[in-house]
Amino acid sequence: MSIYLDNQAAKPVDDRVISEMMLYFNEKFANPASLHCDGDVATDILEKSREKIANFVNASNSSDILFTSGATESNNLGIIGAAMRQKNKGNHIIISEIEHISILNIGKYLEKEGFRVSRLAVDRFGGIRLDKLEKLITDETILISISTASNEVGTLQPTAEISKIAQEKGVLFHTDAVSSESVIPIDVQEVPIDLITLSSNDIYGPRGVGALYLKKGVRVNPIIIGGGQERGMRSGSENVPGIVGFAKAAEIAKEEMPKESEKLKILRDKLIKNVLDTIPKSYLNGHPEKRLPHNAHFRFDYIEGESLILTLKEHNIAAATGSACSSKTLEPSHTLIAMGLLHEEAHGSLLVSLGRTTRESDIDHLLEVLPDQVKRLRKLSPLTPSDLLKKYEEVK
Ligand code: PMP
């Protein structure tokens, strides 16, 4: 196994979660919809798990939680489902320019369906401007969807303020909380967001499970039609083992988050400081303070992020370039472009995302390898200016 620093793309499932799930594959495997005793056992654990997810976001009612197959589905159900439900009130939706690709593509889909979708611009740190958001809202606006944090550069968005504006204007507010849910607590009593996308894997649960939190009274039109499970809003037999794992992961995350986030912040800051201190012409993308505790997103002049990732791969280090979810495309990151970076600047980016299993020695190893590899690639690059090459020669 490599030194794994790509935790925003996938996280390992916690051993405690795996232990909890095992029973529900071949012993207590019944369908919660069945009326027999085994079905009752499945219903019981399904509802207990729902309570744990409700507790994770501090919701007072477990019926506020709908289980889905993951974040993409929750985003679809939350945004398309709410848009369709509110269609008679208006046809305008606001997202930001730097949403996860699943949300950007939902925006395109809704445009084809006759909705008007505005894409809120961000500043050079990747933060939205509240005054610009307010200006975009019209009588036709029915939904705002802005993620709690950028899944690329890690900038945190002012969700409490967005929620306040949305409430004042009578507009629903959906947030994709996937990037931040493992490190920043969600409290719907404190910030009454209407719809929240959650993913199991992002809190060290199994993949293929997620949830949509719906504030009391908020309903969405189903996008999957079938047997009417999940209060009729998401049909299909529930993935009980996955949901049990998700609930256990949520329980652990709630308990351990304060300590874990603190540890991650210390490691992240050590990494950022050392990279910026030791590598000339290196920059931090995203906000210097208002950022995810486990995210460090760098940019290096004169080199390609892809070459850097492959070089790190040779040194047994797993990191990501651009966006953690779609780094196989060679297009520059839409987030970095929206933040005002030039194409060539956006191409030289490296995303290092830390997690529960990250140790200080992993960061030390990266810090040992990275400066030399950046230097090596720059020596090969026709873009590197001669004064920098000369400097490299001097310190050889
Ligand atoms: N939203 C965000 C912020 C993400 O980072 C991701 C990918 N991890 C998704 C949605 C989509 O998740 P999934 O592929 O598990 O459906």
Side-chain angles (χ1 to χ4, degrees), residues 4-13 17 53 57 66-81 95-109 122 126-128 145-157 159 162 173-184 186 193 195-213 223-224 234 236 239 242-243 245-246 249-250 253 285-286 291-297 318-329 333-336 338 351-356:
Y4 188 77
L5 295 169
D6 194 16
N7 283 276
Q8 275 179 244
K11 290 189 175 70
V13 180
V17 168
I53 303 299
V57 297
L66 303 182
F67 287 113
T68 67
S69 66
T72 300
E73 190 193 327
S74 295
N75 282 340
N76 274 264
L77 182 58
I79 303 172
I80 300 174
I95 61 174
S96 85
E97 273 187 335
I98 63 161
E99 291 304 307
H100 183 263
I101 187 75
S102 58
I103 295 181
L104 293 180
N105 281 336
I106 288 169
K108 286 186 194 159
Y109 169 80
V122 293
I128 65 134
S145 179
I146 292 172
S147 294
T148 49
S150 159
N151 64 304
E152 291 186 51
V153 296
T155 301
L156 304 176
Q157 303 295 1
T159 33
I162 300 171
F173 173 35
H174 164 263
T175 194
D176 175 343
V178 168
S179 301
S180 66
E181 64 181 26
S182 69
V183 281
I184 295 171
I186 301 169
I193 299 169
L195 307 107
I196 306 175
T197 288
L198 300 167
S199 143
S200 157
N201 185 237
D202 282 81
I203 49 172
Y204 308 92
R207 238 176 287 179
V209 195
L212 180 68
Y213 160 81
I223 54 171
I224 295 178
R234 198 283 184 180
N239 168 6
I243 289 169
F246 181 16
N285 290 321
R291 67 183 307 121
L292 291 169
H294 61 317
N295 170 296
H297 198 293
T321 173
S323 154
C325 290
S326 58
S327 52
K328 284 198 170 142
T329 70
S333 140
H334 66 277
T335 301
L336 298 179
L351 167 54
V352 180
S353 50
L354 321 181
R356 187 171 286 166

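Every heavy atom of this structure was used, including side-chain atoms; hydrogens, water molecules and symmetry mates were not. Just follow the structure's listing: the first ligand is 1, and inside any ligand the first atom is 1.
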| field | Thr68 OG1 to Leu77 CG distance, which is reported to the nearest 0.5 Å | value | 7.5 Å
| field | Option set Arg207, His100, Glu181, criterion heavy-atom distance to atom 6 (C) of ligand 1, minimum | value | His100
| query | Ser179 heavy atoms, cut-off 4.0 Å: which ligand 1 atoms fall inside? | reply | 3 (C)
| message | Could you measure the distance from the OG atom of Ser180 to the CD1 atom of Ile186? Nearest 0.5 Å is fine. | response | 5.5 Å
| note | Of Val352, Val153, Leu292, the one forming a side-chain contact (heavy atoms from CB on, under 4.5 Å) with His297 is Val153
| Worked check of side chain to side chain contact (heavy atoms under 4.5 Å, CB included) between Ile146 and Ile95 | CA-CA 6 Å; Ile146 292 172; Ile95 61 174; 5.9 Å; no
| task | Report the part of Thr72 in contact with ligand 1, treating N, CA, C, O as backbone and CB onward as side chain, heavy atoms under 4.0 Å; options are side chain, backbone, both, neither. | result | both
